[in-house]
Asker: 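The structure follows.
Numbers here simply count residues along the sequence, with the first being 1. Any value given below was found using the heavy atoms of this structure, including those in side chains, with hydrogens, waters and symmetry copies removed.
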Amino acid sequence: MPESSYWELTWPVAEELSDSITNFLWELGALGVVEEAGPGQPPRLRAFFARDAVPAEELGRQALAYRDSLVALGFDPGPGPSVAPLADENWSLAWKDHFRPRRVGEHLWITPPWEEAGSPAEAPGQPAG
């Protein structure tokens, strides 16, 4: 398996610290930060860093130092972050998985150019004529 080009830092956080930690991750050089939360679950931040910009050990060290500073201020930032290689995908094509043929009205179908046009019965979740 080829080496990943990016690191993913994952950090479960308390909701009241989400903005603060997100800002810290941007300042640390994140290329992107995503906040994910499910029903009844605390938010989880995922930040992405170029592998050649900073070693994983340095990312982890700086994130733990920030976590310790939050603890010193009386906050509970949770268990802290983990850093792992991000699995490489062909992102330039992956977005196409979310676009499927769609019925518009009774007789019109919108079909992405990379999909084969088929009968209305072939489109999942769409009622046939």
Asker: Are Phe48 and Val34 close enough that some pair of their side-chain heavy atoms sits under 4.5 Å apart?
Answerer: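 Answer yes - side chains close enough.
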Asker: Could you tell me whether a side-chain N or O of Arg61 sits under 3.5 Å from a main-chain N or O of Leu64, the two making a donor and an acceptor?
Answerer: no
Asker: Just by distance, do the side chain of Trp7 and the backbone of Val54 share a donor-acceptor pair under 3.5 Å?
Answerer: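 Side chain of Trp7 to backbone of Val54, a donor-acceptor pair under 3.5 Å: yes, one is there.
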Asker: Show the nearest heavy-atom pair for residues Val33 and Ala47, with the distance to one decimal.
Answerer: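 Distance-wise, the nearest heavy atoms are CG2-CB, 4.1 Å.
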Asker: Any non-hydrogen side-chain atom of Glu15 less than 4.5 Å from a side-chain atom of Ser18?
Answerer: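 Not touching, per the 4.5 Å side-chain cut-off.
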Asker: Return each pair, listed once, that meets salt bridge (charged side-chain N to carboxylate O under 4.0 Å, His left out) where at least one residue sits in residues 28-49; pairs must be two or more places apart or across chains.
Answerer: Glu8-Arg46, Glu36-Arg44, Glu36-Arg46
Asker: To the nearest 0.5 Å, what is the distance between CG on Leu17 and CG on Asn23?
Answerer: 11.5 Å
Asker: With a 4.5 Å limit on heavy-atom distance, are the side chains of Thr22 and Leu45 in contact?
Answerer: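 Side-chain contact under 4.5 Å: yes.
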Asker: Mind checking whether Trp26 and Val13 sit in one hydrophobic cluster, side chains of I, L, V, M, F, W, Y counted as touching below 4.5 Å?
Answerer: yes
Asker: Side-chain contact test, heavy atoms from C-beta onward, threshold under 4.5 Å: evaluate it for Leu9 versus Leu25 and give yes or no.
Answerer: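 Yes. Closest side-chain heavy atoms under 4.5 Å.
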Asker: Hydrophobic cluster mates of Leu108, side-chain heavy atoms under 4.5 angstrom, ILVMFWY only, any path?
Answerer: Val104, Ile110
Asker: Determine which pairs satisfy side chain to side chain donor-acceptor pair (under 3.5 Å) with at least one residue from residues 64-82, sequence neighbours left out, and list them in order.
Answerer: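 Listed by first then second residue: Ser20-Tyr66.
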Asker: Do Val71 and Trp11 share a hydrophobic cluster, counting only Ile, Leu, Val, Met, Phe, Trp and Tyr and linking them when any side-chain heavy atoms are less than 4.5 Å apart?
Answerer: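 No.
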Asker: Atom CZ of Arg51 and atom CG of Leu59: how far apart are they, to the nearest 0.5 Å?
Answerer: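 Arg51 atom CZ to Leu59 atom CG measures 11.0 Å (nearest 0.5 Å).
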